[in-house]
Amino acid sequence: MNESHILENTHKFVKQTLENAEAGHDYWHILRVLNNAEIIAQKEGGDLFTIRLGALLHDIADAKFHNGDESIGPKMARDFLIKQGVKQEIINEVVNIIKYISFKNSLDGNQNYGKALAIVQDADRLDAIGAIGIGRAFVYGGHKGNLMYNPHLKPVEKLDKTNYKKGKTPTINHFYEKLFKLKDMMNTQTGKQMAKERHDFMKLFVKQFYDEWGNVK
Ligand code: ADP
Ligand code: NI
């Protein structure tokens with residue numbers, strides 16, 4: 001099978017698998033990440049086929065929605081790519097992307113970076129910040145039944161992986177615990193540039209939020 005045929009099949013597979021995913025993590029998220037990854041790769045280079053497969057498959061089975069099991073996503077992707085006849089070497093790199101892309105795994109500090117991972121991770125992080133990031137954070141908070149904000153609950157300064165996974169924090173706190181940090185965690189120069197505008201927009205949003213909240217305690 002040629003590369004464009006494999007990519008087409010991957011689109012179909014991901015669309016089907018994520019059919020019932022919540023709005024922050026659905027097929028549209030995948031398409032936005034793919035688009036960001038292509039933009040970054042245009043400037044930074046890297047193997048486009050690997051990058052596209054990694055972007056398409058990176059959230060195929062989020063551990064959050066599989067009782068914390070982090071081995072399901074990589075396994076589903078590997079099985080699928082073997083069936084598509086993808087070369088072993090590329091499969092390994094794509095599986096590596098899926099394993100190490102997430103914020104919570106980066107909290108462990110055990111990343112194994114190739115260029116494709118660096119680019120897809122930047123692309124995924126860009127979709128967590130800016131106007132879209134704000135939208136996704138509130139969708140996630142609503143899904144979990146979290147508050148938007150509680151002036152008595154301060155953000156947890158240093159979040160470890162267990163704390164992060166609980167995800168019970170008010171959504172405004174999540175900006176301090178994760179979203180404002182992402183700009184400085186970007187891997188590529190292009191990713192850094194793209195993050196800046198989105199970061200500044202979130203800052204403005206949170207400032208306006210506090211202004212409107214006023215002194216209510
Ligand atoms: P990652 O895949 O990088 O580990 P997640 O899957 O945890 O990221 O997050 C997916 C989306 O949900 C992101 O946009 C993230 O900002 C948002 N999110 C995660 N945890 C929370 C939270 N506690 N409150 C609000 N939004 C959250
Ligand atoms: Ni993602």
A.B. asks: Identify the two heavy atoms, one from A55 and one from L34, that lie closest to each other, and give their separation to 0.1 Å.
C.D. replies: CB-CA, 3.8 Å
A.B. asks: What is the minimum heavy-atom distance between D127 and R32, and which atoms define it?
C.D. replies: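 Heavy atoms only, the tightest pair is OD1-NE, 2.7 Å.
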A.B. asks: Sequence neighbours excluded, which residues qualify as side chain to side chain contact (heavy atoms under 4.5 Å, CB included) partners of F201?
C.D. replies: A131, I134
A.B. asks: If you round to the nearest 0.5 Å, how far is CD of E177 from CD1 of I172?
C.D. replies: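 One finds 11.5 Å between CD1 of I172 and CD of E177.
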A.B. asks: Any side-chain donor-acceptor pair under 3.5 Å between H174 and Y140?
C.D. replies: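 No, no side-chain donor-acceptor pair sits under 3.5 Å.
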A.B. asks: Taking the side chain from D59 and the backbone from D26, do they hold a donor-acceptor pair closer than 3.5 Å?
C.D. replies: no
A.B. asks: Quick check: is M148 connected to I129 through a chain of hydrophobic side chains (ILVMFWY, heavy atoms under 4.5 Å apart)?
C.D. replies: yes
A.B. asks: According to the interplanar angle, ranging from 0 to 90°, do the rings of H29 and H58 count as parallel (below 30°), tilted (30 to 60°) or perpendicular (above 60°)?
C.D. replies: perpendicular
A.B. asks: If only side-chain N and O atoms count, and only distance matters, is there a donor-acceptor pair under 3.5 Å linking R125 with N36?
C.D. replies: no
A.B. asks: Quick one: CG on D122 to CD1 on I39, what's the gap to the nearest 0.5 Å?
C.D. replies: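 That separation rounds to 12.5 Å.
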A.B. asks: When you check the side-chain N and O atoms of N146 and T171, is any donor under 3.5 Å from an acceptor?
C.D. replies: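 No, T171 and N146 have no side-chain donor paired with an acceptor closer than 3.5 Å.
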A.B. asks: Using 0.5 Å steps for rounding, measure from the CD1 atom of I97 to the CG atom of L53.
C.D. replies: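 If we round to the nearest 0.5 Å, I97:CD1 and L53:CG are 8.5 Å apart.
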A.B. asks: Are I30 and L48 connected, step by step, through hydrophobic side chains (Ile, Leu, Val, Met, Phe, Trp, Tyr) whose heavy atoms are closer than 4.5 Å?
C.D. replies: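 No: no chain of side-chain contacts under 4.5 Å links I30 to L48.
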A.B. asks: Hey, could you give me each pair passing side chain to side chain donor-acceptor pair (under 3.5 Å) that has a residue in residues 40-54? Not counting sequence neighbours.
C.D. replies: E38-R52, E44-T190, D47-T50
A.B. asks: Can you tell me how the ring of Y149 sits relative to the ring of W213, calling it parallel under 30°, perpendicular over 60° and tilted otherwise?
C.D. replies: perpendicular
A.B. asks: Starting at CD1 of I40, measure out to CD of Q193 and round the result to the nearest 0.5 Å.
C.D. replies: 10.5 Å
A.B. asks: On the 0 to 90° scale, with breaks at 30° and 60°, tag the F205-F209 ring pair as parallel, tilted or perpendicular.
C.D. replies: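 Tilted, since the angle between the ring planes falls between 30° and 60°.
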A.B. asks: Under a 4.5 Å cut-off applied to non-hydrogen side-chain atoms, are R78 and N92 in contact?
C.D. replies: yes
A.B. asks: Please give me the minimum heavy-atom distance between I60 and L18, naming the atom from each residue.
C.D. replies: O-CD2, 4.1 Å
A.B. asks: Find out if a path of hydrophobic residues (ILVMFWY) with successive side-chain heavy-atom gaps under 4.5 Å connects V216 to V206.
C.D. replies: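 Cluster IDs for V216 and V206 match.
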A.B. asks: Between E19 and Y27, is there a side-chain heavy-atom distance shorter than 4.5 Å?
C.D. replies: no
A.B. asks: In terms of hydrophobic clustering (I, L, V, M, F, W, Y; side-chain heavy atoms under 4.5 Å; direct or indirect links), are F80 and L7 co-clustered?
C.D. replies: yes
A.B. asks: Quick check: is M202 connected to Y210 through a chain of hydrophobic side chains (ILVMFWY, heavy atoms under 4.5 Å apart)?
C.D. replies: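 Yes; M202 is reachable from Y210 via cluster members.
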A.B. asks: Excluding sequence neighbours, so at least two apart, what forms salt bridge (Lys or Arg N to Asp or Glu O under 4.0 Å) with D184?
C.D. replies: none
A.B. asks: Of the non-hydrogen atoms in A195 and M186, which two are nearest, and what is the gap between them?
C.D. replies: CB-CG, 3.9 Å
A.B. asks: Is there a side-chain contact between E8 and F13 (heavy atoms, below 4.5 Å)?
C.D. replies: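 When only atoms from C-beta onward are counted, F13 and E8 do not touch, as no gap falls below 4.5 Å.
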A.B. asks: Can you tell me how far the OH atom of Y100 sits from the CD atom of Q121, to the nearest 0.5 Å?
C.D. replies: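 Spacing of OH (Y100) from CD (Q121) equals 12.0 Å.
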A.B. asks: Please assess D79 against K83 for the test salt bridge (Lys or Arg N to Asp or Glu O under 4.0 Å), listing each intermediate value before the final yes or no.
C.D. replies: CA-CA 6 Å; D79 291 349; K83 276 198 219 128; over 6 Å; no
A.B. asks: Taking the side chain as everything from C-beta on, heavy atoms only, tell me whether E212 gets closer than 4.5 Å to Q208.
C.D. replies: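 Contact flag for E212/Q208 side chains = yes.
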A.B. asks: I need the E3 CD to I90 CD1 distance, nearest 0.5 Å.
C.D. replies: 6.0 Å
A.B. asks: Testing the basics here: between L179 and A137, what is the closest heavy-atom pair and its distance to 0.1 Å?
C.D. replies: CD1-CB, 4.1 Å
A.B. asks: Run the side-chain contact (heavy atoms from CB on, under 4.5 Å) check on I91 and V95 step by step: do they pass?
C.D. replies: CA-CA 6 Å; I91 296 181; V95 168; 4.1 Å; yes
A.B. asks: For residues A37 and I119, report the shortest heavy-atom separation together with the two atoms involved.
C.D. replies: O-CG2, 3.7 Å
A.B. asks: Are any of the side-chain nitrogens in D211 or K207 under 4.0 Å away from the carboxylate oxygens of its partner?
C.D. replies: yes
